[in-house]
Amino acid sequence: MIPRRSFLVSGAAWCLAPMQARSSSGPEVPPRPPPPQRNGSRLDRIAGALPPWLDLDCRHTGETWQGWFAGQTELWARAELEWFLRDWRESVCVAICPRIYWALAAAAHQARIMGADGKVTVLSGYRTPRTNASLPGAARNSFHMYGRAIDVRVNGFRTDDLAGYMRQLEVGGVGRYPVSSFVHIDSGRIRDWTGNG
């Protein structure tokens, strides 16, 4: 878990600043995509029965986060999670779409049912427009720039199986990247693809 004092000193100011102000030295943020509405999806139907618990590690920073993202500590946990999922290249964070948290919780819960620990390894969370523009193959209007996408591995799932489970949940966009063994999840419209990375 990220030390709370460290979070307060290092992260809070960035999260509270407007996104446009933070990106003034890089590419402008394009118009926001449609809201993440998916009424009646399987994820929406099962969310009430899921434990809102996550055990995360970040491949790039080595940081870990473990805890409840909903309930009495929701506001504090969400603030910590937003910093954990920051653009680590620029130390900038934004609000993350709750649908992403619930999708990860569903996958982790299913992994635990299957006998694994359900730990989630994060490869990419939020990206500033400048970071996104610097990455080969990144979509120009990537949902990562809006806090609405994440690239992950989940202990207990093979890449194909995790992508299939996310499609079954109707989370939104699901990209399978077999070479690098990760799955992209976003809260955009329902679609799927296989990437080369």
Examine [X] and [Y] and state if one hydrophobic cluster contains both, with Ile, Leu, Val, Met, Phe, Trp and Tyr joined whenever side-chain heavy atoms are less than 4.5 Å apart.
X      : Y      : answer
Val154 : Met114 : yes
Leu123 : Trp193 : yes
Val120 : Phe182 : no
Met166 : Leu50  : yes
Leu135 : Val152 : no

With a 4.5 Å heavy-atom cut-off, do [X] and [Y] have their side chains touching?
X      : Y      : result
Tyr101 : Pro52  : no
Val179 : Asn196 : no
Arg89  : Arg130 : no

Taking [X] for its side chain and [Y] for its backbone only, find out whether a donor-acceptor pair lies under 3.5 Å.
X      : Y      : answer
Asn132 : Ala139 : yes
Arg148 : Phe143 : no
Arg45  : Gly40  : yes
Glu170 : Arg42  : yes

Least distance between heavy atoms, [X] atom then [Y] atom:
X      : Y      : answer
Ala105 : Pro51  : CB-O, 4.0 Å
Ala111 : Gly156 : CB-CA, 4.4 Å
Arg127 : Ser142 : NH1-OG, 3.9 Å
Ala95  : Glu82  : CA-OE2, 3.4 Å
Met145 : Arg140 : CE-O, 3.3 Å
Leu43  : Ala106 : CD1-CB, 4.2 Å

From [X] [atom1] over to [Y] [atom2], what is the distance, rounded to the nearest 0.5 angstrom?
X      : Y      : atom1 : atom2 : result
Leu54  : Lys119 : CG    : NZ    : 11.0 Å
His184 : Ile150 : NE2   : CD1   : 10.0 Å
Leu162 : Ser181 : CG    : OG    : 11.0 Å
Asp160 : Thr194 : CG    : OG1   : 8.0 Å
Arg78  : Leu85  : CZ    : CG    : 11.5 Å
Gln110 : Gln168 : CD    : CD    : 8.5 Å

ask   = Would you call the rings of Tyr165 and Phe157 parallel, tilted or perpendicular, where under 30° means parallel and over 60° means perpendicular?
value = parallel
request  = Please work out whether the ring planes of Trp102 and Phe69 are parallel, tilted or perpendicular, with thresholds of 30° and 60°.
outcome  = perpendicular
request  = Could you walk me through whether Leu169 and Ile46 pass side chain to side chain contact (heavy atoms under 4.5 Å, CB included), step by step?
outcome  = CA-CA 9 Å; Leu169 291 178; Ile46 69 171; 3.7 Å; yes
request  = Show your reasoning for whether side chain to side chain contact (heavy atoms under 4.5 Å, CB included) applies to Leu56 and Leu81.
outcome  = CA-CA 10 Å; Leu56 310 173; Leu81 276 167; 3.5 Å; yes
key: Tyr126 and Trp83 side chains, donor-acceptor separation under 3.5 Å   = no
ask   = Under 3.5 Å, is there a donor-acceptor pair linking the side chains of Thr121 and Asp57?
value = yes
inquiry  = Using the rule given for side chain to side chain contact (heavy atoms under 4.5 Å, CB included), can you reason through Asp44 versus Arg99, listing the C-alpha separation, both sets of side-chain angles and the distance that settles it, and then say yes or no?
reply    = CA-CA 9 Å; Asp44 291 325; Arg99 194 168 186 81; 3.1 Å; yes
Electrostatic pair [X]-[Y], nearest N-O below 4.0 angstrom:
X      : Y      : answer
Arg191 : Asp186 : yes
Asp192 : Arg176 : no
Asp151 : Arg59  : no

task = Under the side chain to side chain contact (heavy atoms under 4.5 Å, CB included) rule, what do Thr131 and Trp88 come out as? Steps first, then yes or no, please.
result = CA-CA 10 Å; Thr131 292; Trp88 54 271; over 6 Å; no
query = With a cut-off of 6.0 Å (strictly less than), are more than 12 heavy atoms of other residues, nucleotides or ligands near CD1 of Ile113?
reply = yes
Whether over 12 other heavy atoms sit under 6.0 Å from Arg158 CZ = no
